[in-house]
2 protein chains.
Amino acid sequence: MSEIEEKCKNKGVRLTDQRRLIAKVMSDSKTTYGSKDHPDVDELHKRVSSLDKNISIATVYRTVKLFEEAGIIERHDFKEGKSRYEPLTEEHHDHLIDINSGEIIEFVNKDIEELQKKVAQKLGYKLVDHKLELYATKIKKN
Amino acid sequence: MSEIEEKCKNKGVRLTDQRRLIAKVMSDSKTTYGSKDHPDVDELHKRVSSLDKNISIATVYRTVKLFEEAGIIERHDFKEGKSRYEPLTEEHHDHLIDINSGEIIEFVNKDIEELQKKVAQKLGYKLVDHKLELYATKIKKN
DNA sequence: ATACTTGCAAAAGATTTGCCGCATG
DNA sequence: CATGCGGCAAATCTTTTGCAAGTAT
């Protein structure tokens, strides 16, 4: 059983063949399909279709939304016009995007998190969510 | 002449009545319409229409894209499905978005900027650009 | 004059939804 | 068995574009 299917069970998310498949493909996006890519709905549909040709893209949309609302996967809106998804991890992380290769590197920085909370507070707000993306170029060594 | 119209002239961007009007409305979005809002195309079209009923929304889309590519205004893709714009300013700033009202508050925090640079460096990258958005709810005072 | 602009409506691309038969718990 | 789910196509929403006519330099 895939990691995400497990989470569905724990959270009482009803399972179907389609959802199980999407769960599997999402789970595998951590390991099987390169170093944790962040597939969009179209890509997910392609991958799922290779396992079962009868799954509608509407179902992928509905499922991905369902999983997201259940706190099982995470949506990202990078500047591409369409959303990309990744399995939700224990520890929150942000993304550094290599503007030359498009590669995405995940990182964690508690100090920044802390400062964000303080900034919001100072403005009279309670921080609910945030998005931090670093666009950068690789430093060639030597 | 509006601030943005001025910039168009300096950059050799061809001007028309429509563009002048859109330039004016964008320029005014810094002061006239509340504490610097970040209007989307629909809102811009409404404001422009109140001055000239014959301006098509397609023109607003085209103009806003033109201004952006000329480095005169800045586009933001917050989590709302549509882009919002603001005049490009000297000093970089980030945004806090009130997830209830949609209101946007700008802030500057040098410490966070500094940490971002360090994070990138540690990963072997040179920071070129970044995006930081805080999504928050107003703290009710009582 | 000539290349650029505009308005309109149609097209496009991503995502959502109504309907209805079907599967799940 | 009742409720929820999935497939399909149509609908939405934002943004883009082809075309013919008008405009800026």
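Fair warning: this is a prediction, and the values are worked out from it, not measured in the lab. Because only heavy atoms are used, hydrogens play no part in the values below, and waters and symmetry mates are left out as well, while side chains stay in. Chain identifiers are assigned alphabetically (A, B, ...) following the order of the sequence lines, protein sequences preceding nucleic acid strands; residue numbering begins at 1 within each chain.
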Fill in the blank from the handout: Regarding the side chain of A:S83, the nearest nucleotide among D:dT15, C:dT6, C:dT15 is C:dT15
Practice task
Output yes when A:D40 and A:K82 qualify as a salt bridge under the 4.0 Å nitrogen-oxygen rule, no when they do not.
Solution key: yes
Practice task
Please check if the distance between the ring centroids of B:F107 and B:H95 is under 6.0 Å.
Solution key: no
Practice task
Check the distance between C:dT15's C1' and A:L44's CG and give it to me in whole angstrom.
Solution key: 14 Å
Problem - Pairwise 5' ranking along DNA chain D for B:I57 and B:R20, keeping only the more 5' one - result: B:I57
Fill in the blank from the handout: Separation of C:dT15 atom P from A:D40 atom CG, nearest Å, is 8 Å
Exercise for the section: Take atom CZ of A:R62 and atom P of D:dG4, then tell me their distance rounded to the nearest Å. Expected result: 15 Å
Handout entry: N or O in side chain of A:T59 less than 4.0 angstrom from D:dG7 OP1/OP2
Key = yes
Practice task
Look at the side chain of A:I55 and decide which nucleotide, out of D:dT15, D:dG7, C:dT15, has an atom nearest to it.
Solution key: D:dG7
Problem - Atom-to-atom span, CZ of A:R84 to C1' of C:dG13 - whole angstrom - result: 17 Å
Exercise for the section: For B:N54, answer base if it contacts any base atom (sugar-phosphate contacts may also be present), sugar-phosphate if it contacts only those atoms, and nothing otherwise; contact means non-hydrogen atoms under 4.0 Å. Expected result: sugar-phosphate
Fill in the blank from the handout: DNA chain D nearest-nucleotide lookup for B:Y61 and B:V13: closer to the 5′ end is B:Y61
Practice task
Could you tell me whether B:R19 contacts a base, only the sugar-phosphate backbone, or nothing, with contacts defined as non-hydrogen atoms closer than 4.0 Å?
Solution key: sugar-phosphate
Practice task
Indicate, with a heavy-atom threshold strictly under 4.0 Å, whether A:L15 touches base, sugar-phosphate, or nothing.
Solution key: sugar-phosphate
Practice task
Would you please confirm or rule out a distance under 4.0 Å between OP1 or OP2 of D:dG7 and any side-chain N or O of A:Q18?
Solution key: yes
Exercise for the section: Could you go through the side-chain contact (heavy atoms from CB on, under 4.5 Å) check for A:Y85 and A:F67 one step at a time? Expected result: CA-CA 10 Å; A:Y85 298 84; A:F67 286 177; over 6 Å; no
Handout entry: Length of the CG-P vector between B:D17 and D:dT25, whole Å
Key = 10 Å
Exercise for the section: Identify which nucleotide among C:dT24, C:dT16, C:dT15 has an atom closest to any side-chain atom of A:K65, counting heavy atoms from C-beta outward. Expected result: C:dT16
Practice task
Among the candidates D:dG18, C:dG18, C:dT15, find the nucleotide nearest to the side-chain atoms of A:V41.
Solution key: C:dT15
Exercise for the section: Tell me, please, whether B:Y135 has A:K131 positioned over its six-membered ring: NZ or CZ under 6.0 Å from the ring centre and within 45 degrees of its axis? Expected result: no
Handout entry: B:E43/B:R47 salt bridge by N-O under 4.0 Å criterion
Key = yes
Exercise for the section: Take atom NZ of B:K82 and atom P of D:dT15, then tell me their distance rounded to the nearest Å. Expected result: 8 Å
Problem - Between C1' of C:dG7 and CD1 of B:I22, the distance in whole Å - result: 13 Å
Handout entry: Residue B:R14, side-chain atoms from C-beta onward, closest of D:dT17, C:dC4, D:dC5
Key = C:dC4
Completion exercise
note: B:D77, atom CG; C:dA14, atom P; distance rounded to Å ~ 15 Å
Problem - A:E114/A:K118 salt bridge by N-O under 4.0 Å criterion - result: no
Practice task
Determine: side-chain N/O of B:T16 to OP1/OP2 of C:dT6, distance under 4.0 Å, yes or no.
Solution key: yes
